Amino acid sequence: MKKPLTFPILLLPLLLPLSIHADCNCSNDSGDGDRSKALHLKISAIASILIAGAIGVSLPILGKSFSALRPDRVFFFLVKAFAAGVILATGFIHVLPDAFENLTSPCLDPHPWGDFPFAGFGAMVAAIGTLMVDSVATGYYNRSHFNKARPAVMSEEGDVVEAELKSGGNVHVLELGIVVHSVIIGISLGASESPSTIRPLVAALSFHQFFEGMGLGGCLAQAKFKAKTIATMSLFFSLTTPMGITIGIGIASSYNENSPTALIVEGILNSASAGILVYMALVDLLAVDFMSPRMQCNGKLQLGANISLLLGGGVMSLLVKWA
């Protein structure tokens with residue numbers, strides 16, 4: 001299984017074209033661009049977003065040390081439902097609309113970009129691809145691992161290992177979806193030269209990373225990973241948006257967010273990220289808990305989980321006004 005630190009290597013070839021200029025009549029003028037003031041705000045944003053993301057991803061994980069916050073407790077079910085709502089809203093409200101905006105921009109050639117809903121298509125392909133990888137990987141592991149298993153213990157042991165494999169593979173996939181989005185929004189902030197644009201984004205993206213971190217942390221808390229792996233993935237998540245901001249600062253002088261190259265690359269990455277996040281939230285987070293016998297037989301827990309889900313989705317949806 002690939003380690004999380006391989007993600008930047010996979011993303012770099014896709015992110016490098018963002019700094020390439022292309023002929024386009026759309027202006028990228030920031031208006032009140034004060035570069036010195038903007039740079040100070042970006043440095044503040046790196047610190048603020050780093051801390052917010054680290055706290056968000058750590059809370060559910062550290063909660064395992066307290067009896068009231070363990071995965072088998074009611075409160076954890078509610079936190080997980082809230083986190084799933086956050087991830088679902090991130091995919092539908094934050095990422096997918098950005099993909100449509102990128103790929104339907106007037107700066108792009110209307111043929112073929114105006115002839116087909118590429119953003120929706122990309123999200124669908126990413127969701128189906130995630131399902132296929134999920135299913136094929138689990139099936140392959142089971143077949144190779146249990147060929148020599150004794151029939152008497154195969155069912156029980158198989159269920160346990162399959163659950164462990166599925167939860168482990170799904171945290172990696174979820175983190176990939178979140179990481180792509182986090183790097184993109186970091187680059188957008190880092191490349192901006194307008195203090196009036198950056199200022200509200202610092203607060204909004206700090207909350208954004210906090211809630212996304214809670215979503216990822218809730219999954220890590222249930223995964224059967226070693227402490228070192230959990231710490232590595234948590235640290236990597238916390239660094240993604242600050243890393244994107246740093247990249248944005250480095251390419252600020254040549255970056256044109258309205259160039260066809262930037263719009264196409266961002267649009268494709270955003271659509272794929274949206275598909276992954278929506279799939280993970282609905283299939284691997286919500287369906288597992290909401291259809292479980294424990295929740296089906298407990299009306300209060302069911303009501304609480306639904307309220308938490310709506311709150312998570314609502315809070316994250318509200319942030320779209322500023323982020």
Side-chain angles (χ1 to χ4, degrees), residues 56-92 127-128 130-142 145-146 153-178 211-225 229-230 233 275-316:
V57 76
S58 298
L59 281 178
I61 297 170
L62 296 177
K64 294 175 69 176
S65 303
F66 302 94
S67 59
L69 297 178
R70 287 176 184 168
D72 59 336
R73 302 291 182 172
V74 169
F75 184 72
F76 188 83
F77 271 79
L78 302 182
V79 170
K80 192 177 176 185
F82 180 89
V86 168
I87 293 171
L88 196 59
T90 299
F92 274 125
I128 293 175
T130 304
L131 170 65
M132 290 179 173
V133 170
D134 209 357
S135 174
V136 171
T138 303
Y140 174 79
Y141 185 87
N142 284 337
H145 188 77
F146 296 115
V153 298
M154 184 171 180
S155 178
E156 181 179 352
E157 184 184 353
D159 290 342
V160 172
V161 176
E162 180 177 352
E164 292 181 359
L165 172 71
K166 187 176 179 62
S167 65
N170 290 343
V171 171
H172 283 86
V173 176
L174 175 62
E175 183 170 33
L176 176 59
I178 290 176
F211 289 122
E212 269 195 354
M214 283 192 67
L216 179 61
C219 296
L220 289 175
Q222 282 194 320
K224 307 296 182 180
F225 287 137
T229 303
I230 292 177
M233 295 182 73
I276 292 172
L277 294 177
V278 169
Y279 171 86
M280 298 302 298
L282 290 175
V283 177
D284 290 317
L285 299 181
L286 293 176
V288 172
D289 284 344
F290 277 59
M291 297 304 173
S292 67
R294 180 177 181 182
M295 189 173 291
Q296 293 292 315
C297 297
N298 189 330
K300 290 184 178 179
L301 177 59
Q302 200 170 35
L303 176 62
N306 278 284
I307 292 174
S308 294
L309 171 63
L310 292 173
L311 281 175
V315 168
M316 201 63 181

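Numbers here simply count residues along the sequence, with the first being 1. Since we're looking at a predicted model, the values are computed, not measured.
Here the CG atom belonging to Leu78 is positioned 10.5 Å from the CG atom belonging to Asn306, to the nearest 0.5 angstrom. For the atom pair OG1 (Thr229) and CE (Met233), the distance works out to 8.0 Å, reported to the nearest 0.5 Å.
The minimum heavy-atom distance linking Ala84 with Ala281 is given by the pair O-CB, 3.9 Å. Nearest approach of Ser308 to Ala81, heavy atoms of both residues: CB-CB, 4.0 Å.
Every side-chain contact (heavy atoms from CB on, under 4.5 Å) that Leu282 has, sequence neighbours left out, goes to Leu88, Val278, Leu286. Applying the side-chain contact (heavy atoms from CB on, under 4.5 Å) rule to Ile307 yields the partners Leu303, Leu311; only residues at least two apart in sequence or on another chain are considered.
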Candidate pair Met295 and Val288, rule side chain to side chain contact (heavy atoms under 4.5 Å, CB included), full reasoning: CA-CA 10 Å; Met295 189 173 291; Val288 172; over 6 Å; no
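The local environment of CZ in Phe290 is crowded, with over 12 non-hydrogen atoms from other residues, nucleotides or ligands closer than 6.0 Å.
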